[in-house]
Protein chains: 2
Amino acid sequence: MAERSLNEHLSHLLAQANRHLSRQLTAEGVSLDQWRLMKVLSESGGLPMGKLAEELALNLPTLTKLVDRMVQDALVYRVPDPADRRKVRMFLSDKGAAMLASQNKRVEEHEAKVEDSYGNEDAQRLKTMLESFIKQIV
Amino acid sequence: MAERSLNEHLSHLLAQANRHLSRQLTAEGVSLDQWRLMKVLSESGGLPMGKLAEELALNLPTLTKLVDRMVQDALVYRVPDPADRRKVRMFLSDKGAAMLASQNKRVEEHEAKVEDSYGNEDAQRLKTMLESFIKQIV
DNA sequence: CAGCAATTGTTTAATCGGAAACTGTATATA
DNA sequence: TATATACAGTTTCCGATTAAACAATTGCTG
């Protein structure tokens with residue numbers, strides 16, 4: 001059977017799509033991981049580090065340091081869990097919520113542009129497929 | 001209109017899918033970028049750094065250092081372009097070709113497993129959609 | 001309940017990545 | 001042809017990521 005070329009490989013296609021989109025967002029002033037972190041916290045505040053790392057597919061040491069920086073910037077804060085003192089529960093600050101709101105707008109605008117030019121029905125289908133794909137491979 | 005949740009955002013879904021797949025390949029002993037680089041060179045040897053960086057969505061300084069490491073390991077080599085001495089043309093060494101072959105096998109096996117469990121027709125459609133999506137956003 | 005194992009998260013040391021400045025070469029313009 | 005401008009890569013400096021070791025707390029088992 002014939003050898004597959006690079007753009008027939010899912011791993012390559014995902015890397016390319018991810019990097020291009022992530023770069024474009026960076027250019028809009030949005031750090032993808034910071035935004036995703038704040039967004040998760042806005043949807044379910046109080047998550048411990050471990051769950052957060054799972055939700056974002058970050059490893060724990062990386063997350064610890066990302067959180068350190070965001071705590072410095074007062075975007076999020078840590079609350080030790082009284083029931084299990086190993087755990088640290090994370091929350092979004094007011095400042096974080098404000099920044100999230102502004103970044104939400106930029107992300108939505110940018111994705112709207114991208115999805116429009118790609119075709120909205122196709123974009124919707126792509127997202128649905130990616131969602132179920134992620135469930136499969138996790 | 002209602003606020004979109006994180007998994008309705010393409011940027012998040014792509015980041016998740018990419019990271020999970022990339023991690024699983026790392027666990028199989030395949031560095032995604034190194035593999036992609038070798039694969040590009042096997043398909044079109046002699047590409048200059050700039051084109052390579054484009055093909056892989058890497059920025060030039062990052063690519064320079066990735067290539068430095070791979071030259072150390074004798075997987076690839078540089079050849080200055082005599083027609084334009086600013087350019088450096090990259091080639092895959094025999095050792096690189098051997099390593100590529102072995103890694104191709106692991107990538108193909110892993111993706112086959114993943115695509116089987118996801119459903120092969122859907123996987124094919126997903127790849128096609130990603131390919132045209134990338135064309136759109138680049 | 002004493003001691004050992006598992007868990008949750010952080011720290012450390014080394015590697016890697018990115019933005020900006022820099023080197024060398026080619027091209028355009030006067 | 002001299003000077004300026006654009007182009008191709010690399011280097012530098014700093015911030016970010018990773019794997020491995022570590023600390024603290026909880027849970028299990030004899």
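These numbers were taken from a predicted model, which means no experiment stands behind them. These numbers come from the heavy atoms of this one structure, side chains and all, not from hydrogens, waters or symmetry mates. The chains referred to below are lettered A, B, ... by the order of the sequence lines, with proteins before strands, and numbering in each begins at 1.
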**Q** Could you tell me whether A/Lys51 atom NZ has more than 12 heavy atoms of other residues or ligands within 6.0 Å of it?
**A** no
**Q** Just the atom pairs and distances: protein N or O near nucleotides 11-14 of chain D's N or O, under 3.5 Å.
**A**
| unit_1 | atom_1 | unit_2 | atom_2 | d |
| --- | --- | --- | --- | --- |
| D/dT12 | O4 | B/Lys65 | NZ | 3.1 |

**Q** What does B/Arg89 touch in the nucleic acid at a heavy-atom separation under 4.0 angstrom: a base, only the sugar-phosphate, or nothing?
**A**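 If one applies the 4.0 Å heavy-atom cut-off, B/Arg89 turns out to touch nothing in the nucleic acid.
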**Q** Nearest nucleotide by nearest heavy atom, which residue falls closer to the 5' end of DNA chain C, A/Gly50 or B/Leu66?
**A** A/Gly50
**Q** Going 5' to 3' on DNA chain C, which nucleotide is the first and which the last to come under 4.0 Å of a heavy atom in chain B?
**A** C/dC16 to C/dA26
**Q** Only counting residues at least two apart or in another chain, list the ones meeting ring-ring contact (aromatic ring centres under 6.0 Å, His included) with B/His20.
**A** none
**Q** Rounded to whole Å, how long is the line connecting atom CG of A/Asp73 with atom C1' of D/dG15?
**A**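 Spelled out: CG on A/Asp73 to C1' on D/dG15 is 13 Å.
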**Q** Pick the closest DNA chain D nucleotide for B/Pro48 and for A/Asp81 by heavy atoms, then say which residue is nearer the 5' end.
**A**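 Closer to the 5' end of DNA chain D: B/Pro48.
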**Q** Which of parallel (below 30°), tilted (30 to 60°) and perpendicular (above 60°) describes B/His9 and A/Trp35?
**A** perpendicular
**Q** How would you list, by chain and number, every residue that makes a side chain to side chain contact (heavy atoms under 4.5 Å, CB included) with B/Met129, sequence neighbours excluded?
**A**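 B/Met129: side chain to side chain contact (heavy atoms under 4.5 Å, CB included) contacts with A/Tyr118, A/Asp122, A/Arg125, A/Leu126, A/Met129, B/Arg125.
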**Q** Applying side chain to side chain contact (heavy atoms under 4.5 Å, CB included), can you list everything that pairs with A/Asn7, at least two apart in sequence or on another chain?
**A** A/Ser5, A/His12, A/Leu13, B/Glu131
**Q** In whole angstrom, what separates A/Leu32's CG from D/dA16's P?
**A** 15 Å
**Q** Which whole-number value in Å describes the distance from A/Gln72 CD to D/dG15 C1'?
**A**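 One finds 14 Å between C1' of D/dG15 and CD of A/Gln72, rounded.
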**Q** Expressed in angstrom and rounded to an integer, what is the separation of B/Arg23 atom CZ from D/dT17 atom C1'?
**A**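 That distance rounds to 11 Å.
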**Q** Send over the distance from B/Arg69 CZ to D/dT17 C1', rounded to a whole Å.
**A** 12 Å
**Q** Are there over 12 heavy-atom neighbours, none belonging to A/Asp116, within less than 6.0 Å of that residue's CG?
**A** yes
**Q** OP1 or OP2 of D/dC7 less than 4.0 angstrom from a side-chain nitrogen or oxygen of B/Arg86, does that happen here?
**A** no
**Q** Rounded to whole angstroms, how far apart are CZ on B/Arg78 and C1' on D/dG9?
**A**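 In whole Å, D/dG9 C1' lies 9 Å from B/Arg78 CZ.
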**Q** Is it true that B/Arg19 and A/Asp33 have a side-chain N and a carboxylate O under 4.0 angstrom from each other?
**A**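 Salt bridge: yes.
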**Q** Output every pair passing side-chain hydrogen bond (donor to acceptor under 3.5 Å, both in side chains) with a member in residues 61-74 of chain A, not counting sequence neighbours, ordered by first then second residue.
**A**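 Checked against side-chain hydrogen bond (donor to acceptor under 3.5 Å, both in side chains) - neighbours excluded - the pairs reaching residues 61-74 of chain A are A/Asp68-A/Arg78.
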**Q** For A/Leu58 and D/dA16, give me the distance from atom CG to atom P, rounded to whole Å.
**A** 13 Å
**Q** Would you say a side-chain N or O of A/Asn59 is under 4.0 Å from OP1 or OP2 of D/dA19?
**A**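 Yes, such a contact exists.
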**Q** Using atom CG of A/Leu63 as one end and atom P of D/dA16 as the other, report the distance to the nearest whole Å.
**A** 14 Å
**Q** List the atom of B/Glu43, the atom of A/Arg4, and the distance in Å for their closest heavy-atom pair.
**A**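 For B/Glu43 and A/Arg4, the tightest heavy-atom pair comes out as OE2-O, 4.1 Å.
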